[in-house]
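Numbering of ligands and ligand atoms starts at 1, following listing order.
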Amino acid sequence: MAMSPAAHTTGQGQIYQNFIAGEWRGSASGKTFSSTNPANTNEVVGHFQQSTLADLEEAVAAAGKAQPAWAAVPAPERGEILLRTALLLEQHKEELAALMTREMGKVLKETRGDVQTAIDVARFMAGEGRRAEGETIPSAMHNKFNMTIRQPMGIVGIITPWNFPMAIPAWKTLPALLAGNAVILKPASDTPLLALKLANLLHEAGLPGGVLNVITGPGVVLGDALVSHKGVNMISLTGSTEVGRHIAEICGRDLRRCTLELGGKNAVIVLEDADLDLAVESVSWGAFGTTGQRCTATSRVIVHKAIQHAFTDRLVAAAEKLQIGNGLDEKVDMGPLVNRGRVQAVHQYTQVGQQEGAKLLTGGAPLNNGDYSQGAFYKPTVFSDVSPDMRIAREEVFGPFVSILPVASYEEAVQVANATEYGLSTSIFTNDLRTTFRAMREIESGLIYFNAPTTGAEIHLPFGGVKASGNGHRELGTHAVEEFSETKSIFVSYPPSSFGL
Ligand code: NAD
């Protein structure tokens, strides 16, 4: 059995295989696709299997064969494998972070954080293996005992995006495994490498073959086939709202559970009494961290007119101070976008903003010269004078791009914040306790921060959005294991014996 995801090395990067039934296997297609470094697209990070439906069938068969035995392993023992995985991830943290920076561009500080999230989830989920999995509930009858137990879903298909190449595969896959499921993981084609590395470490930690299978390939063909496969009992997608809607339709037809974590158009509200330096620092990090490619990225700033100019001047100065470049350089604040196609997509929004009459204050252009010439770089971009009906105030841009919307009161700020189809994360800068508690109720989003950026989930709290940001499920924390399992209610009667005992 091959113990490394890399099959061969060519002059231009390694060839990586699928992980099926505990083995590294080439695709039946005999074809590969390549992933390149977005800081220098001439550098190939690796070649990955262009998987076909035949490979998917192999993965489903392997998962189906392995799942019953895995479900029979005591949950604490399943947890022990996750704990060993956490230790292995820790040992390899620097190497994985550097690979991730090469694969998708974000700076080392952030890719270290991405791997750390996987470590934290593995530790947390290891502990969940020892927690009670059901409840005992008093019966309304005499001589009767009621309880619930949790059971795995069976085979879970997990489809992940490219912006958190290890954290997101980990935060879906690990609770699914802990709950006793077998998993077929399909990572995004821009970042397949880290998902394969995670599978390798889980295998090294003792995960039996077939319990986790990773297949790489295009979402439209392979992802669609995974979602439609009758042998797959549940789908977990993290991705765009458009793909989420499509998947929900397919799963809906079969009444199959699907958990969707989708896009966002996250707002920071800066009120009159805000600490402006803190607000500027938080917006800069929220909007330009991960080059704006986070589902929780700050995309709108709703600012009180009384402080609008002071805030805007400072934000523009902060954006212009950011050092942009290859994320492997520790001095760099912001890396490239994930690929050149994304540069075009973000630039189109700059053109839309200008056509709509918003005011471009800084950025608004790709970086093409010198060290930037081979990469997918875009300048941090700030628009002011944005109104809620403009497209740049409503649509997810997914780049280093922020729109400033002035308002005259707290009430108007909440109305504008809620005037979007999304509802993932919102942040409010205020020191007023009354406003703080009102906002907790009045803001329509799954996550709400006070005096902090819109980003920064903690792995032991539930994570997810409302409205078009999801379909009501919550992942991370103790909720995650529930998402990947079914509750069964059990009623035990013990009628008294004929002796009246
Ligand atoms: P995407 O929707 O294009 O792709 C996500 C995954 O779905 C990829 O693996 C892709 O190959 C697959 N896919 C594409 N078409 C498919 C289809 N027809 N059937 C099945 N699978 C298919 O998203 P992306 O560009 O990779 O990621 C960015 C998006 O993800 C943004 O909208 C972002 O907000 C969102 N996101 C959400 C969260 C969250 O937790 N809410 C976290 C990260 C990213």
Side-chain angles (χ1 to χ4, degrees), residues 33 35 48 50-51 53 56 103-104 106 114 117 121 157-172 184-192 194-195 214-229 232 235-251 258-266 289-299 337-339 341-342 345-346 395-399 401 420-425 445-447 454-457 459 461-476 479-480 483:
F33 63 94
S35 147
F48 299 89
Q50 180 98 11
S51 306
L53 303 192
L56 174 63
E103 196 185 33
M104 66 76 67
K106 65 186 174 185
D114 194 303
T117 299
V121 173
I158 298 179
I159 303 175
T160 54
W162 44 262
N163 58 346
F164 287 89
M166 178 158 273
I168 291 183
W171 98 29
K172 318 284 158 165
I184 298 165
L185 170 63
K186 195 215 80 69
S189 296
D190 276 306
T191 58
L194 273 292
V214 186
I215 48 174
T216 58
V220 207
V221 183
L222 195 61
D224 221 279
L226 176 60
V227 174
S228 314
H229 200 294
V232 175
I235 293 292
S236 162
L237 166 88
T238 311
S240 58
T241 296
E242 187 193 350
V243 173
R245 282 205 171 97
H246 172 70
I247 285 178
E249 274 178 31
I250 299 175
C251 289
C258 72
T259 62
L260 305 172
E261 293 296 339
L262 307 174
K265 187 69 188 172
N266 312 294
T290 318
T291 322
Q293 303 166 113
R294 287 186 285 217
C295 51
T296 53
T298 304
S299 188
L337 288 157
V338 73
N339 58 45
R342 292 298 312 152
V346 173
E395 297 175 17
E396 187 181 41
V397 177
F398 227 56
F401 189 110
T420 155
E421 67 163 333
Y422 297 106
L424 187 54
S425 180
S445 64
L447 312 170
T454 49
T455 59
I459 66 100
L461 266 81
F463 181 95
V466 302
K467 303 194 317 198
S469 292
N471 64 343
H473 293 272
R474 291 293 177 270
E475 290 178 335
L476 293 176
H479 290 64
E483 294 297 351

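- No hydrogens or angles considered: a donor-acceptor pair under 3.5 Å links the side chains of Thr454 and Thr298.
- Taking the six-membered ring for Trp and the full ring otherwise, the centers of Phe164 and Trp171 sit at least 6.0 Å from each other.
- Scanning Pro187, Pro161, Gly239 for the heavy atom closest to atom 29 (C) of ligand 1 points to Gly239.
- Ligand 1 lies less than 4.0 angstrom from a heavy atom belonging to Ile168.
- For atom 19 (N) of ligand 1, a protein non-hydrogen atom is found at a distance below 4.0 Å.
- For the pair Val227 and Cys251, the minimum side-chain heavy-atom distance is below 4.5 Å.
- Ligand 1 has no N or O atom lying under 3.5 Å from any N or O atom of Thr241, backbone or side chain.
- Near Ile247, the atoms of ligand 1 lying under 4.0 angstrom from a non-hydrogen atom of the residue are 20 (C).
- Inclusion of Lys186 in the set of residues having an N or O under 3.5 Å from an N or O of ligand 1 is warranted.
- One side chain, Lys172 or Thr238, offers a donor N or O that lies under 3.5 Å from an acceptor on the other.
- Of the N or O atoms in Glu396, one or more lie within a sub-3.5 Å distance of an N or O in ligand 1.
- Between Thr291 and Arg342 the shortest side-chain heavy-atom distance does not fall below 4.5 Å.
- With ligand atoms numbered from 1 in the order given, ligand 1 contributes 5 (C), 37 (C), 38 (C), 39 (C), 40 (O), 42 (C), 43 (C) to contacts under 4.0 Å with heavy atoms of Thr238.
- For the pair Ile168/Pro161, a side-chain contact is recorded, criterion being any heavy-atom separation below 4.5 Å from C-beta on.
- The shortest N/O to N/O separation between Trp162 and ligand 1 falls below 3.5 Å.
- Of the polar atoms of Asn163, none of the N or O atoms is found under 3.5 Å from an N or O of ligand 1, judged by distance alone.
- Across Gly219, Gly223, Ser469, Gly470, heavy-atom proximity to atom 17 (C) of ligand 1 is greatest for Gly219.
- Close N/O approach between Leu262 and ligand 1 is found [any backbone or side-chain N/O within under 3.5 Å].
- A side-chain donor-acceptor contact under 3.5 Å links Ser299 and Lys265.
- The shortest distance between side-chain heavy atoms of Ile159 and Ile247 falls below 4.5 Å.
- Residue contact check for ligand 1: Phe164 places no non-hydrogen atom closer than 4.0 Å to it.
- For a threshold of 3.5 Å applied to N or O pairs, the pair formed by Thr160 and ligand 1 contains at least one separation below that value.
- Here the CD-CE distance, from Glu103 to Met166, works out to 9.5 Å after rounding to the nearest 0.5 Å.
- Near Cys295, the atoms of ligand 1 lying under 4.0 angstrom from a non-hydrogen atom of the residue are 34 (O), 36 (N), 37 (C), 38 (C), 39 (C), 40 (O), 41 (N), 42 (C), 43 (C), 44 (C).
- Under a 4.0 Å heavy-atom criterion, Leu237 is in contact with ligand 1.
- With hydrogens and angles disregarded, no donor-acceptor distance shorter than 3.5 Å links the side chain of Arg474 to the backbone of Gly446.
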